[in-house]
Amino acid sequence: MKTLNTAINTLVLSLALTGSLISPGAAAAQAKTAVAAQQQACACFEVKVTGKGPAIILIPGVASSGEVWQSTVETLQADYQLHIFTLAGFAGVQPIPMQNWGEGYLATQQQAILRYINEQKLDKPVVIGHSLGGYLALALAAQVPEQIGAAINVDGLPALGALLTQSNTQGTAATTAKAADNNSQRGNFDPMAMAKGMTNDASWQQRIVADMYRSDGMTSGRVMGELMQADLRPQLANIRVPVLTLGALQHGAPYSTPEQVQANYEQQLANAPTQYHSFAFARDSKHFIMADAPQWLNQQIQQFLQQHPQRGQ
């Protein structure tokens, strides 16, 4: 996992230098002063709705647009009503003011998604998320299974920081941090190199970089910081709806084998009840499965939806 760890640490540190990651103490103080603001409705995302039928919510990851789901939308829109999110602060959508983050971006988004489901009167929608969106899908399935019908986690992890702690030695982490800090100070941070680690497709690499530049650095940095500290693993035991995790086995290449990457996923999600949770793995895909294996991704989603039919919108 050396390359994956280095890439994630570099991303976090580079975003922190441009977007100012906050300390846990500062975050806690900010949360206490913003509880009332957090409870109010916020402009937490932009949504495009298309199609008719049972409702599906599609959530992209950090610094990504809802357009990453385009091939999935084209595949599903004849049979489902699709609610395609772009989260606040990413890909040109206005960020949430920091004073309104309350308990944090992740908690704020979870509450906003539940409000959206209630306000739109969606009947237990399926939630499909990539990366950060996958984390949110897992969180909803574990914390409020009565509110959703099912969830699909596309290459998201319940405890990203724990994976890096497990895989990194302290010396390697410190060396990575120092290198990232030096490179950022010299202006050598290369978003394209980061994008090449996330997909093999050249056109998608350009899209990823473009979305990164259209995203708010402060939001991206702080959200990555939250994901590094988050740990859903104990709560996964509470899942009571069908959940599918789709893993990308080339995400750690060439320093981790597909078998090692798969073992990491299985260990991270070991607490999810096997009667509700299942895996499928894209052997030749990096992090953006919709770029490297779109047909496989859409086939897995369709099969899951057919196996677990939902009610109307």
Side-chain angles (χ1 to χ4, degrees), residues 1 4-35 37-38 42 44-45 59-64 87-91 93-112 129-136 138-139 155-168 170 172-185 189 191 194 197-198 208 211-233 235 268 287:
M1 296 295 291
L4 175 58
N5 297 342
T6 300
I8 295 173
N9 280 323
T10 301
L11 175 60
V12 172
L13 288 160
S14 299
L15 290 173
L17 290 167
T18 59
S20 184
L21 276 167
I22 58 175
S23 67
Q30 183 185 61
K32 290 179 181 179
T33 61
V35 171
Q38 181 205 15
C42 72
C44 290
F45 36 72
I59 308 173
V62 172
S64 286
L87 301 182
F90 302 141
V93 175
Q94 286 293 315
I96 303 169
M98 292 294 165
Q99 65 269 23
N100 293 348
W101 278 38
E103 295 178 6
Y105 188 93
L106 300 178
T108 298
Q109 287 292 0
Q110 287 171 229
Q111 293 167 7
H130 174 241
S131 194
L132 162 64
Y135 173 93
L136 291 172
L138 288 174
D155 211 41
L157 289 171
L160 177 60
L163 175 66
L164 299 186
T165 299
Q166 170 191 327
S167 302
N168 262 333
Q170 183 175 2
T172 300
T175 301
T176 301
K178 183 177 181 181
D181 188 15
N182 291 339
N183 286 341
S184 295
Q185 290 180 10
F189 174 60
M194 186 71 66
M198 295 181 178
I208 291 168
D211 279 348
M212 288 176 64
Y213 278 120
R214 293 194 299 139
S215 297
D216 176 62
M218 183 76 75
T219 300
S220 297
R222 292 192 174 190
V223 172
M224 286 302 301
E226 284 193 29
L227 284 170
M228 292 289 288
Q229 297 181 55
D231 191 348
L232 277 176
R233 290 175 298 176
Q235 299 177 51
Q268 282 256 316
H287 183 48

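What you see below is based on every heavy atom in this structure, not just the backbone, and it leaves out hydrogens, waters and symmetry mates. We number each residue from 1, following the sequence as shown.
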Any donor-acceptor pair under 3.5 Å from Trp101 side chain to Thr108 backbone: no
Exercise: identify the closest heavy-atom pair between Val93 and Ala88: CG1-CA, 3.7 Å
Evaluation steps, side-chain contact (heavy atoms from CB on, under 4.5 Å), between Ile96 and Gln109: CA-CA 10 Å; Ile96 303 169; Gln109 287 292 0; 4.1 Å; yes
Closest heavy-atom pair and its distance - Ala159, Asp231: CB-OD1, 3.4 Å
Nearest heavy atoms of Pro158 and Arg233, plus distance in Å: CG-CG, 4.0 Å
Expected output: side-chain His287 to main-chain His130 donor-acceptor under 3.5 Å: no
Pairwise side-chain contact, Leu160 with Met224, heavy-atom cut-off 4.5 Å (strictly under): yes
Side-chain heavy-atom pair Leu87, Val223 within 4.5 angstrom cut-off: no
Closest heavy-atom pair and its distance - Tyr135, Ala230: OH-CB, 3.3 Å
Heavy-atom side-chain contact between Leu106 and Leu227 under 4.5 Å: yes
Any Phe90 side-chain heavy atom under 4.5 Å of Ser220 side chain: yes
Euclidean distance, Glu103 CD relative to Gln111 CD, rounded to 0.5 Å: 6.0 Å
Gln94: partners by side chain to side chain donor-acceptor pair (under 3.5 Å), with sequence neighbours left out: none
Exercise: identify the closest heavy-atom pair between Gln268 and Ala162: NE2-CB, 4.2 Å
Non-hydrogen atoms of Pro191 and Met212 that approach each other most closely: CB-CE, 4.1 Å
Whether Ser131 side chain and Gly156 backbone form a donor-acceptor pair below 3.5 Å: no
